[in-house]
Amino acid sequence: MTARDKAGLYDEGAFDVAVIGGGINGVGIARDAAGRGGRILLLERGDLACGTSSASTKLIHGGLRYLEHYAFGLVRESLEERETLWRAAPHLLQPMRFVIPHVAGGRPSWLVRLGLFFYDHLGGRRDLPPARSIKLETHVAGEALKTRSRRGFEYSDCWCDDSRLVVANARDAEARGATILPRHELISAARNGNMWTLKAGGRTFRSRALVNASGPQLGLVNERLARPQALPLRLVRGSHIIVPSLFHHPFAYLFQNRDGRIVFAIPYEGAFTLIGTTDVDQHDAAQKPHASDAEIEYLLDAANQQFARKIERGDVAATYSGVRPLAGDAEGRPENASRGYRLDMSQSEEGAPLLTVIGGKLTTYRHLGERAVDLLNERLGTLRQGHWTANAKLPGGAFDHQALRSEIDALQIRYPFLGQKGATRIFKAYGAEASDWLGGARSWGDLGTSFGEGLSEAEVRWMVEQEFAASSEDILWRRSKLGLHMTTDESERLAAHLGEKAA
């Protein structure tokens with residue numbers, strides 16, 4: 001039984017923990033705490049994953065470049081989490097091989113080889129294939145590059161649908177009893193002895209503990225607390241561009257740019273290449289991040305240094321930007337700021353506890369959540385002690401993590417009208433739950449209205465009823481990326497179906 005009753009109403013009694021922020025860290029904490037028997041509330045001012053957690057480079061990785069900054073602990077933790085998350089959500093995470101072309105004047109080849117050796121062994125790699133040296137003149141990944149006579153390296157990491165990972169955690173938290181409330185902006189929070197009183201969405205809530213996991217909005221949320229704290233926070237914007245496919249193979253690239261930074265080029269959504277990211281200080285947390293002209297030109301230039309096919313501004317199909325809330329001050333280059341995280345707990349004499357989550361990355365959210373709930377329970381003492389998320393499947397993930405292709409084939413056999421393309425997209429989004437909304441359908445017509453690109457009324461209904469979606473933007477750009485493929489008329493038809501007013 002979930003926290004939502006049939007009338008869509010919520011019990012507004014006292015909670016054990018209230019979490020502010022519906023990004024990956026917030027939902028990860030809510031899920032862990034709910035699974036330990038806590039009565040959990042999560043408040044998010046917009047849609048789930050509407051900020052940084054849908055604007056990442058979409059990698060579950062150790063962070064190869066962090067080795068240069070001697071961040072061995074962070075890399076080890078990330079590498080250990082990589083395969084843990086792959087097992088938990090094998091439909092949302094897939095292994096990907098990355099190619100590093102070696103260029104004169106870049107990092108020396110011995111240093112890259114050494115880094116890859118540590119990368120393979122630091123985190124206890126088990127199922128992913130190891131790194132190796134390659135000859136780009138004979139490797140398929142060399143065909144798209146300007147110069148094919150160079151040597152290079154190949155290594156493993158994982159790609160992830162970041163916003164769907166957030167939704168999966170939120171759904172699992174709700175299934176375990178948490179109350180998940182998107183579109184409920186926190187207005188104020190005040191301690192009353194050993195209890196927090198929160199005002200959000202026109203309602204009042206009470207909670208024994210409060211977690212500020214609002215990402216780049218940490219400072220703004222902090223100002224709405226009765227006693228705001230000083231936060232060691234640096235906001236860094238990362239922007240990406242999406243262009244028509246620059247290559248037609250499953251490998252991704254990690255390029256060493258002329259300024260010493262690295263840039264990824266990743267196959268994306270079947271017809272595109274995702275290129276990113278930048279590191280630029282964002283000085284106004286309230287301003288919606290967007291890719292500046294300088295950032296777009298930087299990424300175009302980085303790609304044109306490497307790929308044989310030249311791309312121009314007119315080739316950019318879309319851009320997106322997210323703001324990373326990093327732990328630290330504004331000294332030094334943004335790309336050198338730590339990607340680690342801090343968990344700051346208020347002093348016991350201050351009354352009801354406040355836990356502030358600073359920093360973090362997509363890959364480490366599960367372990368961060370585990371540590372955060374441990375800290376909360378030291379003060380509350382009412383949650384179960386045992387760690388459980390490392391071996392727990394996320395919704396849709398109830399199949400072997402190395403059997404993705406056979407599971408997709410099985411879905412296509414059961415629903416032949418989907419075709420290979422449709423079965424692949426749907427299974428990678430919903431995994432073992434795909435048949436829950438496909439039901440007994442024997443044709444596309446059985447799924448109701450078609451909005452284009454394989455998006456049906458039945459799928460939209462599932463997103464709204466089960467995945468907290470409320471708008472065409474939620475559906476086309478976070479629950480899916482079909483907005484990249486659909487025409488304006490198709491998008492407007494979906495918006496009309498949802499009762500949205502024309503702009």
Side-chain angles (χ1 to χ4, degrees), residues 1-2 4 24 27-28 31-32 34-35 48-49 58 60 81-96 127-128 158-178 180 269-270 365-366 388-444 446-448 454-469 475 478-482:
M1 181 170 178
T2 69
R4 280 189 281 187
I24 191 63
V27 296
R31 176 188 181 229
D32 190 300
L48 298 175
K58 310 190 188 308
I60 298 295
E81 288 299 293
R82 183 180 61 185
E83 290 186 51
T84 297
L85 297 179
W86 181 24
R87 290 191 298 272
H91 54 309
L92 303 179
L93 275 74
Q94 288 98 52
M96 184 173 282
D127 295 333
L128 295 173
C158 286
W159 178 92
C160 175
D161 189 324
D162 50 6
S163 51
R164 290 203 64 82
L165 184 65
V166 172
V167 170
N169 276 270
R171 290 187 62 229
D172 199 45
E174 185 184 63
R176 297 174 189 276
I180 309 295
E269 289 296 307
Y365 87 89
R366 188 208 64 83
W388 65 276
T389 56
N391 298 307
K393 294 283 191 176
L394 283 162
F399 63 96
D400 183 83
H401 65 296
Q402 293 184 307
L404 179 67
R405 186 68 256 169
S406 62
E407 293 289 339
I408 292 172
D409 291 344
L411 186 72
Q412 187 177 351
I413 291 170
R414 182 174 178 183
Y415 302 98
F417 64 90
L418 295 178
Q420 183 179 25
K421 180 181 177 181
T424 299
R425 179 190 74 80
I426 288 170
F427 193 85
K428 285 186 175 182
Y430 304 99
E433 290 190 323
S435 59
D436 289 355
W437 62 265
L438 287 167
R442 302 183 68 179
S443 69
W444 282 111
D446 292 338
L447 298 175
L455 180 65
S456 66
E457 184 178 357
E459 185 175 4
V460 169
R461 186 183 308 115
W462 175 271
M463 292 179 181
V464 171
E465 295 179 355
Q466 301 295 327
E467 297 187 347
F468 308 97
I475 289 168
R478 284 184 287 276
R479 305 306 183 280
S480 76
K481 301 299 182 290
L482 292 174

Exercise for review: Test side-chain contact (heavy atoms from CB on, under 4.5 Å) on Arg82 and Leu128 and set out the steps.
Suggested key: CA-CA 10 Å; Arg82 183 180 61 185; Leu128 295 173; 3.3 Å; yes
Review point. Taking side chain as C-beta onward, heavy atoms only, is Leu438 less than 4.5 Å from Arg414?
Key: no
Check your understanding: Closest heavy-atom contact between Leu447 and Ala441?
Key -> CD2-CB, 3.6 Å
Point to revise | Spacing of Arg366 atom CZ and Glu81 atom CD [to the nearest 0.5 Å] | key: 4.0 Å
**Study point:** Counterpart residues, ring pair (Phe, Tyr, Trp, His ring centres under 6.0 Å), relative to Tyr415 (two or more places apart)
**Key:** none
Point to revise | Any donor-acceptor pair under 3.5 Å from Arg171 side chain to Gln466 backbone | key: yes
Practice item. Could you walk me through whether Ile60 and Trp86 pass the side-chain contact (heavy atoms from CB on, under 4.5 Å) test, one step at a time? Key: CA-CA 9 Å; Ile60 298 295; Trp86 181 24; over 6 Å; no
Check your understanding: Is there a donor-acceptor pair closer than 3.5 Å between any side-chain N or O of Lys393 and the backbone N or O of Arg87?
Key -> yes
Check your understanding: Would you say Asp446's side chain and Ser443's backbone share a donor-acceptor pair under 3.5 angstrom?
Key -> yes
**Study point:** Minimal non-hydrogen separation, Ala173 against Ile180, with atom names
**Key:** CB-CD1, 4.2 Å
Exercise for review: Take Arg31 and Val27, measure what side-chain contact (heavy atoms from CB on, under 4.5 Å) needs, and give me the verdict at the end.
Suggested key: CA-CA 6 Å; Arg31 176 188 181 229; Val27 296; over 6 Å; no
Exercise for review: Could you pull out all residues at least two apart from Trp444 that satisfy ring pair (Phe, Tyr, Trp, His ring centres under 6.0 Å)?
Suggested key: Phe417
Point to revise | CA sep, side-chain torsions, deciding dist, call: Tyr430, His91, side-chain contact (heavy atoms from CB on, under 4.5 Å) | key: CA-CA 7 Å; Tyr430 304 99; His91 54 309; 5.7 Å; no
Exercise for review: Only counting residues at least two apart or in another chain, list the ones meeting salt bridge (Lys or Arg N to Asp or Glu O under 4.0 Å) with Glu457.
Suggested key: Arg461
Revision key, fill the gap. Applying salt bridge (Lys or Arg N to Asp or Glu O under 4.0 Å) to Lys58 and not counting sequence neighbours gives Asp162
Check your understanding: Can you tell me how far CD1 of Ile426 sits from CG of Leu411, rounded to the nearest 0.5 angstrom?
Key -> 7.0 Å
Review point. Roughly how far, to the nearest 0.5 Å, is the CG atom of Leu85 from the SG atom of Cys160?
Key: 7.5 Å
Review point. Is a side-chain N or O of Ser163 found less than 3.5 angstrom from the main chain of Arg479, in a donor-acceptor match?
Key: no
Point to revise | Pairwise distance CG(Leu92) to CG(Leu165) - rounded to 0.5 angstrom | key: 6.0 Å
Review point. Do you know which two heavy atoms are closest between Gly28 and Tyr365, and how far apart they sit?
Key: CA-CD1, 3.9 Å
Please report, to 0.1 Å, the donor-acceptor pairs under 3.5 Å made by any side chain of residues 394-410, with sequence neighbours excluded.
residue : atom : partner : partner atom : Å
Asp400  : OD2  : Gln402  : N            : 2.9
His401  : NE2  : Asp127  : OD2          : 2.6
Arg405  : NE   : Asp409  : OD1          : 3.4
Arg405  : NH2  : Asp409  : OD1          : 3.4
Ser406  : OG   : Ala403  : O            : 2.9

Check your understanding: Do Trp437 and Glu459 have a side chain donor and acceptor closer than 3.5 Å?
Key -> no
**Study point:** Set of residues satisfying salt bridge (Lys or Arg N to Asp or Glu O under 4.0 Å) with respect to Lys481, sequence neighbours excluded
**Key:** Asp161
